[in-house]
Amino acid sequence: MERAVPYTVPLGQREVFQALQRLHMTIFSQSVSPCGKFLASGNNYGQIAIFSLSAALSSEAKEESKKPIVTFQAHDGPVYSMVSTDRHLFSAGDGEVKAWLWVEILKKGCKELWRRQPPYRTSLEVPEINALLLVPKENSLILAGGDCQLHTMDLETGTFTQALRGHTDYIHCLALRERNPEVLSGGEDGAVRLWDLRMAKEVQTIEVYKHEECSRPHNGRWIGCLATDSDWMVCGGGPALTLWHLRSSTPTTIFPMWAPQKHVTFYQDLILSAGQGPCVNQWQLSGELKAQVPGSSPGLLSLSLNQQPAAPECKVLTAAGSSCRVDVFTNLGYRAFSLSF
Amino acid sequence: MSSESSKKRKPKVIRSDGAPAEGKRNRSDTEQEGKYYSEEAEVDLRDPGRDYELYKYTCQELQRLMAEIQDLKSRGGKDVAAEIEDRRIQSCVHFMTLKKLNRLAHIRLKKGRDQTHEAKQKVDAYHLQLQNLLYEVMHLQKEITKCLEFKSKHEEIDLVSLEEFYREAPPDISKADITKGDPHQQTLARLDWELEQRKRLAEKYRECLSNKEKILKEIEVKKEYLSSLQPRLNSIMQASLPVQEYLFMPYDQAHKQYETARHLPPPLYVLFVQATAYGQACDKTLSVAIEGSVDEAKALFKPHEDSQDDESDSDAEEEQTTKRRRPTLGVQLDDKRKEMLKRHPLSLMLDLKCKDDSVLHLTFYYLMNLNIMTVKAKVTTTTELITPISAGDLLSPDSVLSCLYPGDHGKKTPNPANQYQFDKVGILTLRDYVLELGHPYLWVQKLGGLHFPKEHPQQTVIADHSLSASHMETTMKLLKTRVQSRLALHKQFASLEHGIIPVTSDCQYLFPAKVVSRLVKWVTIAHEDYMELPFTKDIVEAGLAGDTNLYYMALVERGTAKLQAAVVLNPGYSSIPPIFQLCLNWKGEKTNSNDDNIRAMESEVNVCYTELCGPRPGHQLLTNQLQRLCVLLDVYLETESHDDSVEGPKEFPQEKMCLRLFRGPSRMKPFKYNHPQGFFSHR
């Protein structure tokens, strides 16, 4: 097939370097602003870019609307996870968590509000923070990552109150079970552990790889993504994407997806998942694949649903992964356009 | 009737004779006692009014008598005849009276006419006199005006003003006392003075002329003397040549060069001046020489008539030949093309010597009709270079200077006006002719001071020294770096083709001591082949794979794993890094689209290249990148997680020291090597 040759502008050293950077960029995390009109995304160079969803979705959107309104260097290492409260944006990557004020960011004043580092045991290498979780009832933030512990930070005082140990390898993802409240964590060791925050101990462990129906040894045993809906939990990664009933710790539905999934979430009566491969997969709870919508990146690492009540016109699904682009799905059936760093 | 007929008869008026029959008339009125009777005199005496009354009375009487006669005749009778006779006689008397009256009337008339005539004549005479006088007056007036207008020649002479005259003239000429009163004398005096002055000045003029003659003669003599001096000086210069060489001061040579330089076309001249200046001031390794035939250059400025004659002759000849042979149309076009692309007979040769004694020879040409400069390049080294197969294009004259500045590929003419000239002779693009004419790079035009602005195309572009000077230093430095990096690559390619990655000792710290993966193959591939590869489409879409780049394929192997690396080498190496795209064949085909770790490996080599540049000129970049690629492959293969379900040992046992095998949501392998601790970690 004849590939069209694009017009090559004379490229000096700087342009070549920038082009190479963009080609090798990975976007790890996304977070929607409290007003619902802006999307923050963090990449592997430690930069955070703020996109204006309202501008990009409006009818007069031009090419510039798909570029960030502000980009700033947030961390020295990659920004693995981000989460927003109604005033703050928390970002975490190489070992520390930083807080930013949304109003400050939007005014392009990019100075962090504070930064904290949880007490690590090892000092040889700074462990990364892979997941952040907000527990609104207790006004605390849970961090988990490379040192195999869950750290709880009280948002009022800024101190680290607990460190929950149990994982034998680093933690990939966290999910909150609102009712109790309990936190689920999935890690590289292949286990999903439930923790009770009040009692500060592990209450349940599910070793996914030990179950034959869902284990896939050639992929490994790591749990890359978790989502929970009170009694139910869906997890994926090395093993196949599976829906579990928590109380009985049994896998109820196995989703026949060959590629390891890196992000999963419940949405209305569907389960959305994404991982290796360019598509966002939509599953029925029964295990059938409802739709596979291709995006523009060769692999996806994060999905974000903008369900902020303040901006119903910006209710979109955004997906980002191994490229410099964030795909925007206005309708779950197709990719509308892509925002790009 | 007889009375009527006597009235009809015009009585002749007798002037001086008196009519005797008029005796009856002489009654009381004549008091004259002259001897003759003058009726004229009588006229003067009688009153015309009374004569008129008399006439009326006489007529009345006649009428009465006639009436009485009539009556009598009609009555008849005897005594009638006597009464009739009586009345007849009365009427005859009345007739006499009437006649006299008639005469008198005529005389009066004549007199009146005569008087009028006389008066008229007098008036005429006066009138004539008046006219004569008027005419004379007019004539005299004309004469007067003529006299008044008369200008004597002396007034045409511009005399000095009065004050000056009185100031300068000697008193015997100016005679102030006489002249001040008398304007005539004054003017005479002034004229005298004028004459004096003129005589004096004429004298002076003659003197000056003779002076001038003398001086001219002296000048001639001196010129002769000087022209005889020139050959003597030449002979002295010749004699001093050996001394100059002995003292290393080649003034003569430089002088000769400047002589020839005078015949250079303006852009080459600018380049010559700037390059020599730069060479003398900053860079002793630069040498400039002029080549070509000076006579031909002089011949370009021959007078037009000669060339026109030649042209017309040749035209005539050509016409004859075209009538005989048809295909000369193409030949004519060919000739026109050759004419358009003609080079100036003189060219400039610049030699840049680099640190390792290799020399870059640049020959600059000027295309006269197109007003652009071109360059041909050649690299010579002290030792003979054995060119490895893959290094064919590195030092080839066609591409060694390509893209010295980004985008300056030298295949298109930089002068936009040339397009119209090309259309006339059917040249599509200059690209077809660059091999023989040289490359018209933009930096060459800038060194020659030629600037072709895109927005405002100018009619004539003239060579500008300041433009050349501002670009000279950067361009020379770039040229040197280019030659040196190409030579370095040349050497490295020779080694790479044998499967050895030549890592210099000062770059060894970047890599662990033991590297198991080996480079197996290093070949060049064509641009089209690169674009066809499935795993390079990202680079192509980003516009980084143009046709000015060089493309290579490297193959790294370890055990059953084969890593293909497609390399894009930008002509601006090593400031612009080579770009690698990887494809690993081991347990399936892994590329950056399906394996994040392959993407990370590419990033290690492409994005983090600044660590791999090595010592200053950065020529080690490519070899360091290749070595790092081997290290990365080692890490990748050794850290691959073992599949528990498959029996048997791992193909590649882990020998590298790693703190953690996986990190982050994408489970990256530890690709970063830490020196001197020697372990691998994540970025």
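Model, not experiment: these values are computed from the prediction. Letters A, B, ... are given to chains in the order of the sequence lines, protein chains preceding strands, and every chain is numbered from 1.
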A.B. asks: Before we go on, tell me: are the rings of A/H211 and A/Y209 under 6.0 Å apart, centre to centre?
C.D. replies: no

A.B. asks: Who wins among A/P278, A/P298, A/A19, A/S322 for the most heavy-atom pairs under 4.5 Å with chain B?
C.D. replies: A/S322

A.B. asks: Answer yes if the side chains of B/E602 and B/N606 hold a donor-acceptor pair under 3.5 Å, and no otherwise.
C.D. replies: no

A.B. asks: Just one of A/S296, A/S340, A/S297 clears the side chain to side chain donor-acceptor pair (under 3.5 Å) bar with A/R325, so which one?
C.D. replies: A/S296

A.B. asks: Heavy-atom pairs under 4.5 Å with chain A: which of B/H682, B/R667, B/H409 has the most?
C.D. replies: B/R667

A.B. asks: Take atom CD of A/Q73 as the centre, draw a 6.0 Å sphere, and report whether it contains more than 12 heavy atoms from other residues, nucleotides or ligands.
C.D. replies: yes

A.B. asks: Whether A/D169 and B/R660 form a salt bridge (side-chain N of Lys/Arg under 4.0 Å from carboxylate O of Asp/Glu) is what I want to check.
C.D. replies: no

A.B. asks: With sequence neighbours excluded, what pairs up with B/W443 under the side chain to side chain donor-acceptor pair (under 3.5 Å) test?
C.D. replies: none

A.B. asks: Quick check on the interface: out of B/G664, B/S575, B/C403, B/A600, who has the most heavy-atom pairs with chain A under 4.5 Å?
C.D. replies: B/G664

A.B. asks: Which region of B/D538, side chain (C-beta onward) or backbone (N, CA, C, O), has a non-hydrogen atom less than 4.5 Å from a non-hydrogen atom of chain A, or is it both or neither?
C.D. replies: both

A.B. asks: Side chain, backbone, both or neither: which part of A/Y45 has a heavy atom under 4.5 Å from chain B?
C.D. replies: side chain

A.B. asks: Do you know which of B/P577, B/S681, B/S666 has the most heavy-atom pairs with chain A at a distance under 4.5 angstrom?
C.D. replies: B/S666

A.B. asks: Between A/P78 and chain B, with a heavy-atom cut-off of 4.5 Å, which part of the residue counts as in contact: side chain, backbone, both or neither?
C.D. replies: side chain

A.B. asks: Among A/R22, A/Q276, A/E188, which residue has the highest count of heavy-atom pairs closer than 4.5 Å to chain B?
C.D. replies: A/E188

A.B. asks: With a 4.5 angstrom heavy-atom cut-off, is it the side chain or the backbone of B/Y405 that approaches chain A, or both, or neither?
C.D. replies: neither

A.B. asks: Counting neighbours of CG on B/N674 that are heavy atoms of other residues, nucleotides or ligands and sit closer than 6.0 Å, is the number greater than 12?
C.D. replies: yes

